[in-house]
Amino acid sequence: MTEQHKKRISKFLSLILRHQPEKIGLTLDENGWALVSDILEKSKMQFTVEELSEVVNTNDKKRFSFNANETKIRANQGHSLKSIDLDLKPETPPLFLYHGTVSKFIPEIKLHGLKKMNRQHVHLSKDRDTAAKVGARRGKPVILSIRALEMQNEGHQFFISENGVWLTDVVSSKFINF
Ligand code: HQG
């Protein structure tokens with residue numbers, strides 16, 4: 001399969017598993033799982049179950065997971081759908097986590113902290129390199145350091161997705177080193 005075809009399938013899966021399952025009449029359960037058979041049947045994009053497996057198993061950010069018997073699939077993070085509960089367990093974060101953004105957002109972030117915007121959580125990275133890539137999607141990246149352990153000690157919860165992205169609610173600017 002070409003990289004281009006894989007990318008098209010990955011983008012399509014992100015759309016239907018994170019944001020708009022109704023686009024193809026798909027139903028997700030409360031934990032975000034869809035039946036693989038439903039996706040293959042309802043998807044107007046032509047791909048096989050083998051191609052779907054290849055996308056899941058070789059995805060650069062491990063965006064998707066199968067359940068144990070590979071009958072169901074879900075996105076590991078990034079949902080805008082409010083009804084999905086990934087059922088993640090709270091975890092203790094490292095001293096610092098990082099957030100990649102761009103300079104035009106900094107004044108707002110200084111005022112209101114990091115907000116979830118359209119997603120269910122604020123997404124944080126475990127290292128600066130990953131944060132730089134996240135920021136670079138929007139222009140020249142600016143990396144913010146978040147005093148995550150201090151936040152947790154003050155009662156804020158952190159979760160880690162299946163693919164290693166740290167998730168939390170709002171990050172007040174008092175925990176951000178600009
Ligand atoms: C910014 C990708 C103004 C925030 C990535 C970001 C990630 C504010 C944008 C995942 C703000 C939201 C998520 C505030 C935050 N005022 N702007 N108060 N608070 N922002 O895409 O973290 O490829 O929802 O800095 O790799 O960029 O999709 O979040 O620039 O893991 O798998 O508002 O998406 O993964 O943008 O990216 P997003 P994000 P995938």
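Whatever order the structure lists them in is the order used to number ligands and atoms, beginning at 1. Side chains are part of it too, since the values below use all heavy atoms of this structure and drop only hydrogens, waters and symmetry mates.
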| Counting only N and O atoms by type, is there a donor-acceptor contact under 3.5 Å from the side chain of Arg74 to the main-chain atoms of Gly32? | no

| request: Check the pair Asp60 / Lys62 against salt bridge (charged side-chain N to carboxylate O under 4.0 Å, His left out), numbers first and verdict last. | output: CA-CA 6 Å; Asp60 56 348; Lys62 297 192 170 37; over 6 Å; no

| query | Near ligand 1, which protein residues have a heavy atom under 4.0 Å away? | reply | Arg18, Lys61, Arg63, His99, Thr101, Phe105, Glu108, Ile109, Gly113, Leu114, Lys115, Met117, Arg119, His123, Val134, Arg137, Arg138

| remark: side-chain contact (heavy atoms from CB on, under 4.5 Å) filter on Asp127, not counting sequence neighbours, yields Asp129, Thr130

| said: Going by side-chain contact (heavy atoms from CB on, under 4.5 Å), name the residues that satisfy it together with Val36, two or more places apart in sequence or in a different chain. | reply: Leu40, Val49, Leu52, Phe66, Ile73

Going by atom type alone, with no hydrogens or angles, which donor-acceptor pairs under 3.5 Å involve a side-chain atom of residues 90-108 and a protein atom two or more places apart or on another chain?
from: Thr92; atom 1: OG1; to: Gln152; atom 2: NE2; distance (Å): 3.4
from: His99; atom 1: ND1; to: His123; atom 2: O; distance (Å): 3.0

| message | Test ring-ring contact (aromatic ring centres under 6.0 Å, His included) on Phe175 and His156; report intermediate values, then the result. | response | CA-CA 11 Å; Phe175 297 114; His156 301 275; 5.6 Å; yes

